[in-house]
Amino acid sequence: MKHLELHIIQSVPVACLNRDDLNSPKTAVFGGVQRARVSSQSWKRAIREMAKEISPNQFRGERTRLMFGPLVKEMEDAGLSAADAEEGAKKIVDSLVKLDAKSTDKVKSTTLYFMSPLELQTLARSYAETRDVKKSLKSVNAKSLKDAADISVFGRMVANDHSLTVEAASMFSHALSTHKVDNEIDFFSAVDDLQPREESGAGMTSTLEFNSATYYRFVALNLDMLADGEHLASLSREERQNVVRTFVEAAIKAIPGARKNTMNGNTLPAYVLGVVREEGHPIQLVNAFENPVRSSQGYAAKSIELLKAEYEELGKTWDINAVFEKAIPDLGLKTFLDEVTDYVV
């Protein structure tokens with residue numbers, strides 16, 4: 001399996017990038033100590049959104065419970081009356097992800113559906129010609145998703161019709177701090193602007209939790225899978241290269257936007273190791289930090305040192321070979337992207 005790996009060291013200051021059900025920064029125990037954690041889902045969302053900005057014509061996928069409205073419009077454009085379009089759209093949505101009977105304000109599905117604009121157009125045209133839901137669903141294939149590379153990269157699950165399920169070409173780990181982290185509490189107050197000056201006291205007071213950490217992030221992309229018939233084989237190699245280039249840039253630069261206005265944690269990585277292997281499976285290097293980093297002079301430099309040592313040791317011990325091993329900041333981002341995309345199938 002030809003694949004790309006990204007091993008990223010990134011320090012984030014006072015922030016709450018990813019919250020749990022109690023509104024606290026997520027954590028996990030690794031190596032016997034508590035670590036700061038950011039779920040893969042949270043970082044993937046940020047990467048998808050940035051990929052849309054970088055390459056809006058190739059990353060057009062949308063996850064939504066509101067596919068009914070856009071589908072109705074496509075059906076009307078395909079020549080159906082408003083009534084027939086609404087009836088057909090309801091049937092298709094119900095077959096894919098079930099209509100939400102509890103929704104009263106809008107027609108919604110019970111679960112999110114990761115859709116492509118071209119896919120909706122394909123469904124609408126097929127239904128307008130056949131008035132058959134099953135035939136319409138069978139008209140959808142990888143070519144119907146070629147405008148939404150994000151579906152091929154991140155995958156989608158369709159429980160009611162497994163033929164529409166797309167296995168993700170990417171792989172992520174939860175980001176973990178390379179060191180022990182304890183969440184802290186910020187007490188804050190807000191002033192009531194219309195409160196008379198002679199009256200003392202805040203308009204409101206409250207608390208919220210935060211932490212700061214140096215994270216190890218791991219991202220992988222199956223280059224063989226991305227080029228197969230169930231993914232992006234319908235694209236030219238140059239188009240797939242742009243997909244990979246966009247994904248890698250977004251994976252490096254994107255960061256979850258939680259509390260971005262009050263605790264802006266938008267940093268860039270201190271180190272990115274890119275690896276391309278012709279065979280085998282992606283291997284993350286998190287065990288470099290199983291023994292948590294302890295330092296009185298910051299964590300990033302020591303974390304980079306341990307990451308490099310772990311990579312070298314794994315290569316020697318397990319005879320792991322790579323055709324590409326380059327790092328940022330040894331290379332600038334543009335050069336790094338240029339060299340990585342040379343390996344796209």
Side-chain angles (χ1 to χ4, degrees), residues 16-24 26 39-53 56-57 59-140 144-145 147-148 150-151 154-166 168 204 206 208 254 256-262:
C16 182
L17 296 181
N18 190 203
R19 288 171 270 187
D20 63 18
D21 57 334
L22 300 177
N23 216 31
S24 302
K26 288 185 176 180
S39 73
S40 57
Q41 296 93 324
S42 176
W43 225 301
K44 281 192 289 185
R45 166 72 178 177
I47 292 168
R48 284 201 301 113
E49 291 302 298
M50 179 168 281
K52 288 179 188 295
E53 294 179 13
N57 293 326
F59 287 77
R60 301 185 65 194
E62 301 283 357
R63 294 178 67 206
T64 182
R65 294 175 60 198
L66 300 172
M67 68 177 293
F68 171 78
L71 186 54
V72 167
K73 183 180 182 304
E74 290 293 346
M75 287 190 168
E76 290 177 344
D77 290 346
L80 295 180
S81 67
D84 287 345
E86 289 187 10
E87 179 186 5
K90 284 182 179 178
K91 288 179 180 178
I92 288 175
V93 173
D94 199 44
S95 295
L96 284 174
V97 275
K98 297 297 180 185
L99 288 169
D100 185 356
K102 297 179 181 179
S103 177
T104 56
D105 57 334
K106 294 180 180 179
V107 179
K108 298 179 181 179
S109 59
T110 55
T111 57
L112 292 167
Y113 184 73
F114 203 176
M115 68 182 193
S116 137
L118 181 57
E119 177 184 29
L120 294 192
Q121 190 179 92
T122 302
L123 284 169
R125 288 178 177 176
S126 178
Y127 183 82
E129 292 173 2
T130 65
R131 303 299 177 98
D132 188 304
V133 172
K134 288 185 178 180
K135 288 183 179 179
S136 298
L137 295 179
K138 287 182 179 179
S139 71
V140 174
S144 310
L145 305 177
D147 63 333
D150 29 1
I151 294 177
F154 296 98
R156 76 175 178 191
M157 172 67 180
V158 184
N160 293 332
D161 190 338
H162 293 296
S163 69
L164 297 177
T165 293
V166 179
M204 67 165 288
S206 188
L208 53 80
R259 292 183 179 153
K260 65 180 180 181
N261 293 328
T262 56

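Because the structure is predicted, anything quoted here is derived from the model rather than measured. This chain uses plain numbering: 1 for the first residue, then up along the sequence.
Applying the side-chain hydrogen bond (donor to acceptor under 3.5 Å, both in side chains) test to Ser39 and every residue at least two apart in sequence or in another chain returns Asn18. Applying the salt bridge (Lys or Arg N to Asp or Glu O under 4.0 Å) rule to Arg125 yields no partners; only residues at least two apart in sequence or on another chain are considered. Under the rule for a salt bridge (Lys or Arg N to Asp or Glu O under 4.0 Å), Glu74 has no partner lying at least two apart in sequence or in another chain. Not counting sequence neighbours, Lys135 has no partner by the salt bridge (Lys or Arg N to Asp or Glu O under 4.0 Å) test. Considering only residues two or more places apart in sequence or on other chains, Asp21 meets the side chain to side chain contact (heavy atoms under 4.5 Å, CB included) condition with none of them. The side-chain hydrogen bond (donor to acceptor under 3.5 Å, both in side chains) test applied to Asp100 returns Arg65, not counting sequence neighbours. With sequence neighbours left out, Ser163 forms a side-chain hydrogen bond (donor to acceptor under 3.5 Å, both in side chains) with Asp161. With sequence neighbours left out, the side chain to side chain contact (heavy atoms under 4.5 Å, CB included) criterion links Asn261 to no other residue. Considering only residues two or more places apart in sequence or on other chains, Ser24 meets the side-chain hydrogen bond (donor to acceptor under 3.5 Å, both in side chains) condition with Glu209. Under the salt bridge (Lys or Arg N to Asp or Glu O under 4.0 Å) criterion, Arg63 pairs with no residue, sequence neighbours left out.
In this structure, Arg156 and Glu119 approach most closely via the heavy-atom pair NH2-OE2, 2.8 Å. Here the closest non-hydrogen pair linking Glu76 and Ala85 is CG-CB, 3.7 Å. When every heavy atom of Ala89 is checked against every heavy atom of Val72, the shortest pair comes out as CB-CG2, 3.6 Å.
To the nearest 0.5 Å, atom CG of residue Asn160 and atom CG of residue Leu137 are 10.0 Å apart. Rounding to the nearest 0.5 Å places NZ of Lys102 at 12.5 Å from NZ of Lys108. To the nearest 0.5 Å, atoms CD (Glu129) and OG (Ser139) are separated by 9.0 Å. Here the CZ-CD distance, from Arg60 to Glu62, works out to 9.0 Å after rounding to the nearest 0.5 Å.
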What pairs of donor and acceptor atoms, side-chain ones from residues 90-97 against any protein atom, are under 3.5 angstrom apart with sequence neighbours left out?
from  : atom 1 : to    : atom 2 : distance (Å)
Lys91 : NZ     : Glu87 : OE2    : 3.4
Asp94 : OD1    : Leu99 : N      : 2.9
Ser95 : OG     : Lys91 : O      : 3.0

Taking distance alone, no hydrogens or angles, what donor-acceptor pairs closer than 3.5 Å link side-chain atoms of residues 42-50 to residues at least two apart or in another chain?
from  : atom 1 : to     : atom 2 : distance (Å)
Trp43 : NE1    : Ala254 : O      : 2.8
Arg45 : NH1    : Glu49  : OE2    : 3.4

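You'll find the side chain of Asp150 reaches within 4.5 Å of the side chain of Lys52, heavy atoms only. Looking at Leu118 and Leu145, their side chains never come closer than 4.5 Å, going by heavy atoms from C-beta outward. Residues Arg131 and Leu80 are in side-chain contact: their nearest non-hydrogen atoms beyond the backbone lie under 4.5 Å apart. You'll find the side chain of Glu86 stays beyond 4.5 Å of the side chain of Val107, heavy atoms only. Between Leu164 and Tyr113, the closest side-chain pair of non-hydrogen atoms falls below 4.5 Å. Phe114 has its side chain out of reach of Val166: every pair of non-hydrogen atoms, C-beta onward, lies at least 4.5 Å apart.
Ser116 places a side-chain N or O within donor-acceptor distance of the main-chain N or O of Ser144, the cut-off being under 3.5 Å. A donor-acceptor pair is defined here as one N or O able to donate and one able to accept, closer than 3.5 Å; no such pair exists between the side chain of Ser126 and the backbone of Thr122. Under the 3.5 Å distance criterion, the side-chain polar atoms of Thr165 are matched with a main-chain donor or acceptor of Val158.
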Could you walk me through whether Leu71 and Met115 pass the side-chain contact (heavy atoms from CB on, under 4.5 Å) check? CA-CA 10 Å; Leu71 186 54; Met115 68 182 193; over 6 Å; no

